[in-house]
Q: 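Let me begin by handing over the structure; questions about it come next.
When reading the values below, keep in mind they use all heavy atoms of this one structure, side chains included, and skip hydrogens, waters and symmetry mates.
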Amino acid sequence: MKDFDNIRRWEGTIIFLLVVGLSMTSRLFIYSFRHIPLTGHTGGEEPLYALVGGAALALSVPMLPLLVLYLTSLFTFRKGSSELDEPHKATMIPATFFLLTFVTAFVVTISGTPYVLANAIYKGKGIINLAGGILVVFFGLKAFIESGLIASLRLVHLSKSRRWFLAEAPIVGFMAGLLLFHYLDPFYDSVFFFTGRAGALSHHPVSIISFGLGLSAIYLALAYAFSLLIVSMPTAKSIAWVRGILGVLTLSLGFSLATGTFASLAVIIKGP
């Protein structure tokens, strides 16, 4: 059993390093080697650059708010689905649901399609930030409580039904798209400005979906590596600390969104 855990640990580590390497290579292509075309044709290349751009930005500093919510979803789901016999399923299910709903919300908000829905989101941004921020606060508080770092907080009763956990990841993913689209939009645009492909198709739904696919490919591979490493961890104490830290970060993110101070937090994240 110990040898099997060691194999999983090595496999997970290798996959993680490959994921990081792919993301860094994509970033070099977009922001350093942008004079090299993906195709020999002119025009209509935005979806291809968007695909590479999604992979390039997936593990970048500006994506930290999204990454925090994503990782918190993975850890929270695993805690409630420990009865599952397949550890990979306990990780890949919430990862897929989170990314599916996030990309859906991101496509609608960035492309403005369909117009009626997108316009309603734009007009209700203040309400969405308040309600969504409060939801993220409770999500972070829940993750921190369930980490077990402070035993007295276990007095708070939290539902651990599998149905709730199956719904939790897509809800948080969708809210991430609604709450962070305005913040992420400039970084999405940077892919096209740096490659000289900023044009009519940059904000076309197909291009945004391609961006989401590139980002999702990195995040799903990351989730798979996570599923291998988490099973081989020798103690649950390290997991508790990670869950607790992610819970605090998520709570802080939600509070900044609900109070309208996220812009100040974004400046700290991006740096000078």
Q: Main chain of H203, side chain of S207: is a donor-acceptor contact present, judged purely on distance under 3.5 Å?
A: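 It does not hold such a pair.
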Q: First locate atom CD1 of I30, then atom CZ of F192, and finally report the distance between them rounded to the nearest 0.5 Å.
A: 8.5 Å
Q: Find out whether E11 and I15 are in side-chain contact, i.e. whether some heavy atom of one side chain is under 4.5 Å from a heavy atom of the other.
A: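 A side-chain contact exists here, since the closest heavy-atom pair is under 4.5 Å.
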Q: Donor-acceptor pair, S23 side chain versus V19 backbone, under 3.5 Å?
A: no
Q: Go through L67 and L222 one step at a time and tell me if the side chain to side chain contact (heavy atoms under 4.5 Å, CB included) criterion holds.
A: CA-CA 11 Å; L67 193 57; L222 185 66; 4.2 Å; yes
Q: Is there a donor-acceptor contact under 3.5 Å from the side chain of Y183 to the main chain of P62?
A: yes
Q: Could you measure the distance from the CG atom of L257 to the CD1 atom of I134? Nearest 0.5 Å is fine.
A: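 So the gap between those two atoms works out to 11.0 Å.
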Q: Which distance, rounded to the nearest 0.5 Å, do you find between the CG of L178 and the CZ of F106?
A: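 If we round to the nearest 0.5 Å, L178:CG and F106:CZ are 11.5 Å apart.
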Q: Same hydrophobic cluster for M24 and V61, using side-chain heavy-atom links shorter than 4.5 Å among ILVMFWY?
A: yes
Q: Are Y49 and S202 close enough that some pair of their side-chain heavy atoms sits under 4.5 Å apart?
A: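 In short, these two side chains do not touch, never coming nearer than 4.5 Å.
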Q: Please report the C-alpha distance between F98 and L66 in whole Å, then the side-chain angles of each, then the deciding distance to 0.1 Å, and finally whether the side chain to side chain contact (heavy atoms under 4.5 Å, CB included) criterion is met.
A: CA-CA 11 Å; F98 180 100; L66 176 63; 3.9 Å; yes
Q: L215 vs M63, test: side chain to side chain contact (heavy atoms under 4.5 Å, CB included). Steps then yes/no.
A: CA-CA 10 Å; L215 183 144; M63 287 290 173; 4.1 Å; yes
Q: With hydrophobic residues grouped by side-chain heavy-atom distances under 4.5 Å, do L18 and L228 end up in a single group?
A: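 In one cluster with L18: L228, no.
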Q: Is there side-chain contact between I128 and L179, with at least one heavy-atom pair below 4.5 Å?
A: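 I128 reaches L179 side chain to side chain.
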Q: Using side-chain heavy atoms (C-beta onward) and a distance below 4.5 Å, is Y31 in contact with V191?
A: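 Yes - at least one pair of side-chain heavy atoms lies under 4.5 Å apart.
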Q: Can you give me the closest heavy-atom contact between L130 and A258, atom names plus distance?
A: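 Scanning both residues, the minimum pair turns out to be CD1-O, 3.6 Å.
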Q: Examine distances only and state if a side-chain atom of S227 and a backbone atom of Y224 form a donor-acceptor pair shorter than 3.5 Å.
A: yes
Q: Please confirm whether Y188 and F181 have ring centers closer than 6.0 angstrom.
A: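 No - the distance between ring centres of Y188 and F181 does not fall below the 6.0 Å cut-off.
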Q: Specify the closest pair of heavy atoms between V206 and P47, including all atoms of both residues, with the distance to one decimal.
A: CG1-CG, 4.0 Å
Q: Indicate the atoms forming the closest heavy-atom contact of F262 with L180, along with that distance.
A: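 Smallest heavy-atom distance, with atoms named: CZ-CD2, 3.9 Å.
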Q: Checking the side chain of Y70 only, and the main-chain atoms of Y219 only, is there a donor and an acceptor separated by less than 3.5 Å?
A: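 Side chain of Y70 to backbone of Y219: a pair is present.
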Q: Provide the closest heavy-atom pair for V108 versus I121 in the form atom of the first, atom of the second, distance.
A: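 The pair with the smallest heavy-atom distance is CG1-CD1, 4.1 Å.
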Q: Given 3.5 Å as the limit, does a donor-acceptor pair link the side chain of S32 with the main chain of F29, or not?
A: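 Not a single qualifying donor-acceptor pair exists.
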Q: Looking only at heavy atoms, which two atoms of F97 and P170 are closest? And how far apart?
A: CB-CD, 3.6 Å
Q: Can you confirm whether E146 sits close enough to F75 that some side-chain heavy atom of one is under 4.5 Å from a side-chain heavy atom of the other?
A: no
Q: Is there a donor-acceptor contact under 3.5 Å from the side chain of S210 to the main chain of L51?
A: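 Such a contact is absent between S210 side chain and L51 backbone.
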Q: Which atoms form the tightest heavy-atom contact between Y122 and G112, and what is the distance?
A: OH-CA, 3.5 Å
Q: Determine, step by step, whether H182 and K125 satisfy the side chain to side chain contact (heavy atoms under 4.5 Å, CB included) criterion, reporting the C-alpha distance in whole Å, the side-chain angles of both residues, the deciding distance to 0.1 Å, and the verdict.
A: CA-CA 10 Å; H182 186 68; K125 188 71 171 113; 4.3 Å; yes
